[in-house]
Amino acid sequence: MKQIASGKRGRVYDLGDGQIAKYYVPDAPDTALEREVLAARLAHDHGVPTPKVLSVDRDIAQGRVVFEYVSGVAVSWYVLKRPWRLFWASREMARCLANLHTIPDTQTPNLKTEMCKEIDSLSCLTSDTKQEIRDQINQFSGPDRLCHFDYHSSNVMVSDGACVVIDWGAARSGPPLADLAQTCVINRVDSFPDGTGGVMRLVIRALRWLHIELLIAFYSHYSQDHSYASVRRGIRAWQRPIAAARLADDIAYERTALLKLVNSRTSSL
């Protein structure tokens, strides 16, 4: 077995014969496997381009999920090597996300409940700030849809000229614009590849900015429920709660930028 990817919830191995297996790490939440399987199957059954779940093994320590193997490269690397394809990649990612957000979801954990728990766990925010943000979250309304909640250009692959969504480990049910706001926040606080020089950092930063602007515009076009203006308003409204909840992931290079967003009353998005 050859390891081909790893993340905070698990490691992925190529099993051969068109299959890959995700083994969950010992400190992954007990619900991680069930969440990912539920979300991946729900998305696949509704026509979202994503690898099919082939089998689930709960007897192995921490569990294992076998998916069909999809060859390709992450959108992030695809665009870095072909920047002229950014327009296409942003459009296809927006189309996938808008389609995903048409799927009713009562199976995966509730987004607002999960976010409130994550915010409650923080020691870096005052009790008053946490209560204020929880109140803001609970004011949001609307139908619950399937949300990927880790939707960015490293979790979407280009395979045979089409986009394929992977890694459903953070999925939850909730307001679609919270999902899109999470994408914008991730894009804003993300790091650079090791060894990236100053000029290339400027190039990547410009590509990321343009990618999000295009993603928002195309998402508004494909969405059945939101105009461009309402999408931008929704992102601005969700940005502070999203940043606060993301602090619970304790990613060192994101911390300063996330705290800045939490402490800010305005948004540049």
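Just so we're clear, the structure is a prediction, and the values are computed from it rather than from any experiment.
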Inset, instruction - Mind running salt bridge (Lys or Arg N to Asp or Glu O under 4.0 Å) on Arg172 and Asp179 for me, showing each step along the way? - result: CA-CA 9 Å; Arg172 39 191 89 178; Asp179 201 13; over 6 Å; no
Inset, instruction - Show your reasoning for whether side chain to side chain contact (heavy atoms under 4.5 Å, CB included) applies to Tyr151 and Met93. - result: CA-CA 9 Å; Tyr151 192 81; Met93 282 186 63; 3.6 Å; yes
Inset, instruction - Run the numbers on Val56 and Glu34 for side chain to side chain contact (heavy atoms under 4.5 Å, CB included), then give the verdict. - result: CA-CA 9 Å; Val56 180; Glu34 301 300 338; 5.6 Å; no
Inset, instruction - Would you check, one step at a time, whether the test side chain to side chain contact (heavy atoms under 4.5 Å, CB included) holds for Val66 with Asp57? - result: CA-CA 8 Å; Val66 177; Asp57 191 341; over 6 Å; no
Legend entry - Residue pair Lys52, Arg41: steps toward the side chain to side chain contact (heavy atoms under 4.5 Å, CB included) verdict: CA-CA 7 Å; Lys52 183 179 181 180; Arg41 283 177 169 165; over 6 Å; no
Atom pairs and distances, donor-acceptor, side-chain atoms in residues 202-210, under 3.5 Å, two or more places apart:
unit_1 : atom_1 : unit_2 : atom_2 : d
Arg208 : NH1    : Asp190 : O      : 3.4
Arg208 : NH1    : Ser191 : O      : 3.3
Arg208 : NH2    : Ser191 : O      : 2.6

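Residues Phe149 and Ile251 are members of separate hydrophobic clusters, defined by side-chain heavy-atom contacts under 4.5 angstrom among Ile, Leu, Val, Met, Phe, Trp and Tyr. Linking ILVMFWY residues whenever their side-chain heavy atoms come closer than 4.5 Å, directly or via other members, leaves Leu214 and Ile186 in distinct clusters. A single hydrophobic cluster is seen to contain both Val73 and Val75, as judged by linkage of ILVMFWY side chains at heavy-atom distances under 4.5 Å, directly or through other members. Val164 and Leu42 sit in two unconnected hydrophobic clusters of ILVMFWY residues. Membership requires side-chain heavy atoms under 4.5 Å apart, directly or through other members. Hydrophobic clustering, with ILVMFWY side chains joined whenever heavy atoms are under 4.5 angstrom apart, groups Val165 together with Leu97.
Counting only heavy atoms from C-beta outward, the side chains of Cys96 and Pro49 approach each other to under 4.5 Å. In this structure, Glu132 and Asp128 have side chains that are not in contact, with every pair of non-hydrogen atoms separated by 4.5 Å or more. Contact check for Ile133 versus Val262: side-chain heavy atoms found under the 4.5 Å cut-off. Residues Leu247 and Cys124 have side chains in contact (heavy-atom distance under 4.5 Å, counting atoms from C-beta outward). A 4.5 Å side-chain heavy-atom check between Ile103 and Val48 finds at least one atom pair inside the cut-off. The closest side-chain heavy-atom distance from Arg58 to Leu33 is below 4.5 Å. For the pair Lys22/Asp167, a side-chain contact is recorded, criterion being any heavy-atom separation below 4.5 Å from C-beta on. Looking at Leu215 and Leu180, their side chains come closer than 4.5 Å, going by heavy atoms from C-beta outward.
Of the charged side-chain nitrogens involved, at least one lies within less than 4.0 Å of a carboxylate oxygen, so that Asp249 and Arg246 count as a salt-bridged pair.
With rounding to the nearest 0.5 Å, the separation of CD1 in Ile216 from NE2 in His221 is 16.0 Å. Taking CD1 of Ile166 as the start and CZ of Phe67 as the end, the distance is 9.5 Å to the nearest 0.5 Å. Rounded to the nearest 0.5 angstrom, Ser153 OG and Trp77 CH2 are separated by 10.5 Å. With values rounded to the nearest 0.5 angstrom, Lys112 atom NZ is found 6.5 Å from Ser141 atom OG. With rounding to the nearest 0.5 Å, the separation of CG in Leu125 from CG in Leu259 is 6.5 Å. For the atom pair Met115 CE and Phe140 CZ, the distance stands at 8.0 Å (nearest 0.5 Å).
Looking at Glu254, its side chain never comes within 3.5 Å of a backbone N or O of Val189 through a donor-acceptor pair. One N or O on the side chain of Ser159 and one on the backbone of Ser71 form a donor-acceptor pair closer than 3.5 Å. A donor-acceptor pair is defined here as one N or O able to donate and one able to accept, closer than 3.5 Å; such a pair exists between the side chain of Arg35 and the backbone of Ala171. Not one N or O on the side chain of Glu68 forms a donor-acceptor pair closer than 3.5 Å with the backbone of Gln19. A donor-acceptor pair under 3.5 Å links the side-chain atoms of Ser121 to the main chain of Glu118, judged by distance alone. Side-chain N or O atoms of Asp105 include one that pairs as donor or acceptor with a backbone N or O of Gln107 at under 3.5 Å. Between the side chain of Ser90 and the backbone N or O of Leu86, at least one donor-acceptor pair lies under 3.5 Å. Side-chain atoms of Asn99 come within 3.5 Å of backbone N or O of Arg95 as a donor-acceptor pair. The backbone N or O of Asn155 lies less than 3.5 Å from no partner atom in the side chain of His148, so there is not a single donor-acceptor pair.
The two residues Ala21 and Leu15 make their nearest non-hydrogen contact at CB-CD1, 3.7 Å. When every heavy atom of Lys130 is checked against every heavy atom of Ile119, the shortest pair comes out as CD-O, 3.0 Å. Contact record, Asn138 with Cys116: OD1-SG, 4.2 Å, taken as the closest heavy-atom pair. Across all non-hydrogen atoms, the minimal contact from Leu111 to Gly174 is CB-CA, 3.9 Å. Among all heavy-atom pairs drawn from Ile212 and Cys184, the shortest one is CG2-SG, 3.9 Å. Taking every heavy atom of both residues into account, Ala181 and Ile242 meet most closely at CB-CG1, 4.1 Å.
In summary, the side chains of His101 and Tyr219 do present a donor paired with an acceptor at a separation below 3.5 Å, with no hydrogens or angles considered. In this model, no donor atom of one side chain and acceptor atom of the other lie less than 3.5 Å apart for Thr50 and His44. Donor-acceptor pairing under 3.5 Å is lacking for the side chains of Tyr78 and Arg82. For the residue pair Ser220/Ser223, the side-chain donor-acceptor check at 3.5 Å is not satisfied. Between the side chains of Gln131 and Arg134, a donor-acceptor pair is found at a separation under 3.5 Å.
Between Tyr23 and Tyr13, the two ring planes are perpendicular [angle over 60°; tilted spans 30° to 60°].
Shown are Glu36, Arg9, Arg11, Arg64; of these, the side chain to side chain donor-acceptor pair (under 3.5 Å) with Tyr24 is made only by Glu36.
In this structure, Gln3 places its CD atom where more than 12 heavy-atom neighbours from other residues, nucleotides or ligands lie under 6.0 Å away. For Arg91, the CZ atom sits in a packed shell: over 12 heavy atoms of surrounding residues, nucleotides or ligands are nearer than 6.0 Å. Annotation for Asp160: atom CG does not count as buried by contact number, only 12 or fewer foreign heavy atoms lying within 6.0 Å.
Here Phe218 and Phe87 bring their ring centres to under 6.0 angstrom of each other.
Within the cation-pi definition used here (under 6.0 Å to the ring centroid, within 45° of the axis), Arg85 qualifies as a partner of Trp88.
Listed by first then second residue, pairs satisfying salt bridge (charged side-chain N to carboxylate O under 4.0 Å, His left out) with a partner in residues 138-158 number zero, not counting sequence neighbours.
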